[in-house]
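Step one of this worksheet: look at the structure below.
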Amino acid sequence: MLKNRIIPCLDVKNGRVVKGINFVDLKDAGDPVEQAKIYSDGGADEICFLDITASNEKRDIIYDVVEKTSKKCFVPLTVGGGIKSVEDINKLLNCGADKVSINTAAVENSKVVIDSSKKFGSQCIVVAIDAKKNGDKWEVFTHGGRNNSGIDALEYAKLMEKNGAGELLITSMDRDGTQVGYDIDLMSKISSKVNIPVIASGGVGNLDHLVDGIKLGKASAVLAASIFHYGKHSIKEAKEYLDSKGIPVRI
Amino acid sequence: MKVTIVDYNSGNISSVINSFKEVAKDKVNIEVTSDLNKIKSSDKVVLPGQGSFKSCVEALNNINGLSDTLNDFAITNKKPLLGICVGLQMFADVGYEETETKGLGWISGKVSKINNQDGKFKLPHIGWNQINIVKDSKIFKHIVNNSHMYFVHSYEFVPNDKKVISATTDYSSNIVCSVEKENIFGTQFHPEKSDKMGLKIIDNFINL
């Protein structure tokens with residue numbers, strides 16, 4: 001039976017983890033490679049890096065981080081943040097990323113998704129959708145949530161599937177950082193609309209939220225950042241909890 | 001001992017390279033090439049493959065003499081070869097992704113889209129699934145039955161002779177996920193992304 005996945009996400013800025021695991025035995029708490037290794041050894045089903053480096057001069061650091069991580073972690077590695085072109089994707093994959101997540105570029109230029117999924121295969125193309133509720137619909141935001149594209153998130157999700165996305169990473173901007181749980185309504189509506197797997201993101205504060213994301217939100221995978229950082233919960237605890245609630249996980 | 005990973009522009013193979021180098025350490029020489037002479041002089045060959053059946057077959061055929069060299073290696077000389085994902089699928093006679101495309105024809109059968117029961121199951125089949133080992137395969141030495149492996153695919157290999165099947169996995173239907181025919185091995189899942197158990201399979205292949 002296919003298992004639901006738990007994906008810890010690390011925000012990386014200028015090659016350093018911004019929020020991360022706060023373990024006393026860590027040699028270097030800011031080292032993304034070491035943190036990713038802790039997660040994969042702990043049973044993470046995949047690792048996600050979100051590169052939030054703002055300055056262009058420092059953008060190349062992520063390639064080095066990905067290269068080092070992929071030599072130590074033998075579970076899938078997804079890298080997102082700042083990807084603009086097929087060439088950017090090519091570079092990340094060559095450094096050892098298994099998948100890339102494309103956000104703003106997918107909205108601005110649909111050819112990026114079409115061309116990259118043709119060139120590299122849908123299996124490595126994740127389209128990340130930042131959605132915010134407006135009335136009875138959700139709108140797609142870009143540029144790290146700063147710009148409202150006005151595009152309907154459900155229609156957009158369907159279009160991205162058609163364009164060749166292999167998975168969708170859905171973040172509720174209303175919930176992100178609030179720790180009150182995923183936007184279940186958004187997740188289940190998108191998951192029912194598309195035939196490709198949906199990864200739920202944004203708002204996890206406790207382990208029940210992960211359960212809800214899968215059971216109610218119909219997500220195939222759940223992504224979380226802060227509950228795994230600072231040692232609040234380990235991946236193992238999360239998996240055992242999901243298992244106790246009847247959700248199939250890899251233990 | 002020299003193990004060659006065939007680099008034929010079949011998509012992203014860096015994870016395959018990393019995992020083989022991790023397992024091989026300094027004991028085994030891992031070569032990544034499409035050079036025909038280097039392939040011929042190898043002890044073992046790994047045939048990776050990502051993207052579509054059609055794009056991988058085309059990429060293989062784009063390198064002059066590669067398909068004949070692989071055929072000599074695996075069929076005539078019967079040296080060990082491991083196909084991963086689309087690398088395994090290409091063993092078939094024919095594939096139906098995008099359009100009907102002729103495969104290598106090493107293991108009789110076809111590659112067709114997974115029946116997802118009219119959308120009841122998501123495609124691609126992405127994530128960790130358990131393998132049911134149905135036959136003692138040399139690459140499954142010390143692999144516990146029902147181990148989890150990482151999958152990502154929408155098409156499946158359906159061999160005519162069921163005796164070649166070494167493992168299956170349950171999704172919308174029972175999917176063939178590993179084959180062994182004499183010196184030819186294949187996994188539909190990605191051992192290079194399947195953590196310790198996946199690395200063990202790679203280790204088993206290297207140590208055949």
Side-chain angles (χ1 to χ4, degrees), chain A residues 1-7 40-41 43-47 66-77 89-90 92-100 117-126 161 164-168 191-199 218-221 248-251, chain B residues 9-23 49-56 59 85-86 97-98 116 118-130 132 146-155 169-172 175 190-200 202:
Chain A
M1 176 189 246
L2 184 67
K3 303 301 157 75
N4 291 103
R5 288 168 283 158
I6 295 187
I7 308 173
S40 81
D41 286 349
D45 295 310
E46 295 184 25
I47 307 285
V66 170
E67 198 167 346
K68 287 187 176 130
T69 307
S70 70
K71 288 193 171 119
K72 288 200 168 167
C73 294
F74 298 96
V75 300
L77 173 65
I89 297 167
N90 192 29
L92 283 169
L93 295 177
N94 278 335
C95 289
D98 297 291
K99 312 181 199 181
V100 292
S117 61
K118 272 209 185 105
K119 191 171 162 75
F120 309 111
S122 290
Q123 85 287 339
C124 64
I125 305 300
V126 180
E161 175 182 27
E167 288 175 276
L168 299 175
S191 190
S192 308
K193 183 115 181 160
V194 298
N195 267 319
I196 53 178
V198 164
I199 306 163
K218 302 186 181 74
S220 301
V249 286
R250 175 179 70 113
I251 292 182
Chain B
N9 302 313
S10 63
N12 178 24
I13 61 167
S14 47
S15 288
V16 175
I17 299 167
N18 285 339
S19 61
F20 272 79
K21 287 193 170 161
E22 168 77 11
V23 172
Q50 282 200 352
S52 73
F53 187 94
K54 178 170 169 278
S55 67
C56 284
C85 198
V86 185
E97 189 167 2
E98 291 181 54
N116 71 336
D118 291 325
K120 235 179 95 188
F121 288 79
K122 301 269 185 190
L123 283 182
H125 169 224
I126 297 186
W128 296 81
N129 207 334
Q130 284 165 296
N132 323 306
N146 296 320
S147 288
H148 288 93
M149 299 291 165
Y150 186 79
F151 288 81
V152 48
H153 64 127
S154 298
Y155 285 75
T169 193
D170 285 320
Y171 191 50
S172 50
I175 292 169
H190 291 267
E192 77 278 13
K193 286 283 118 186
S194 296
D195 216 353
K196 293 177 190 73
M197 282 294 135
L199 295 184
K200 182 65 200 158
I202 291 170

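Throughout, a chain's letter reflects where its sequence line sits, starting with A, and its residues are numbered from 1. Quick caveat: nothing in here was measured; it's all calculated off a predicted structure.
- Contacts of B/Glu192 with chain A are made by backbone atoms alone, with heavy-atom separations under 4.5 Å and no side-chain atom involved.
- In this structure, the portion of A/Arg5 lying under 4.5 Å from any heavy atom of chain B is its side chain and not its backbone.
- The contact between B/Ser194 and chain A is made entirely by backbone atoms, counting heavy-atom distances below 4.5 Å.
- No part of B/His153 comes within reach of chain A, as not one of its non-hydrogen atoms sits under 4.5 angstrom from that chain.
- Most heavy-atom pairs under 4.5 Å with chain B, from the set A/Lys119, A/Met1, A/Lys118: that is A/Met1.
- Residue A/Ser40 touches chain B through its backbone alone, counting heavy-atom pairs closer than 4.5 Å.
- The aromatic rings of B/Tyr150 and B/His190 lie tilted to each other, with the angle between the two planes from 30° to 60°.
- Taking every heavy atom of both residues into account, B/Trp128 and B/Lys193 meet most closely at CH2-O, 3.4 Å.
- Using a 4.5 Å cut-off between heavy atoms, A/Cys73 touches chain B through its backbone atoms (N, CA, C, O) alone.
- The parts of A/Asp98 that come within reach of chain B are both its backbone and its side chain, each placing non-hydrogen atoms under 4.5 angstrom from that chain.
- In this structure, B/Phe53 has its ring center at least 6.0 angstrom away from the ring center of B/Tyr155.
- Ranked by non-hydrogen atom pairs under 4.5 Å with chain A, the options B/Lys122, B/Gln130, B/His125, B/Gln50 are led by B/Lys122.
- Only the backbone of A/Ile251 comes within contact range of chain B, with at least one heavy atom under 4.5 Å from a heavy atom of that chain.
- At distances below 3.5 Å, not a single donor-acceptor pair connects side-chain atoms of A/Asn4 with backbone N or O atoms of A/Ala221.
- Here the straight-line distance linking atom CG of A/Leu93 with atom OG of A/Ser70 works out to 11.0 Å at 0.5 Å rounding.
- Interface remark: B/Ile126 contributes backbone and side-chain atoms alike to the contact with chain A (heavy atom separation under 4.5 Å).
- Side-chain atoms of A/Arg250 come within 3.5 Å of backbone N or O of A/Ala44 as a donor-acceptor pair.
- Contacts of B/Asn12 with chain A are made by side-chain atoms alone, with heavy-atom separations under 4.5 Å and no backbone atom involved.
- Of all non-hydrogen atoms in A/Gly164 and A/Ser122, the two that sit nearest each other are O-OG, 2.7 Å.
- Other residues, nucleotides and ligands contribute over 12 non-hydrogen atoms within 6.0 Å of the NZ atom of A/Lys193.
- Across B/Asn146, B/Val152, B/Asp170, B/Leu123, the residue that shares the most heavy-atom pairs under 4.5 angstrom with chain A is B/Leu123.
- Between the OG atom of B/Ser154 and the CD atom of B/Glu97 there is a distance of 7.0 Å, given to the nearest 0.5 Å.
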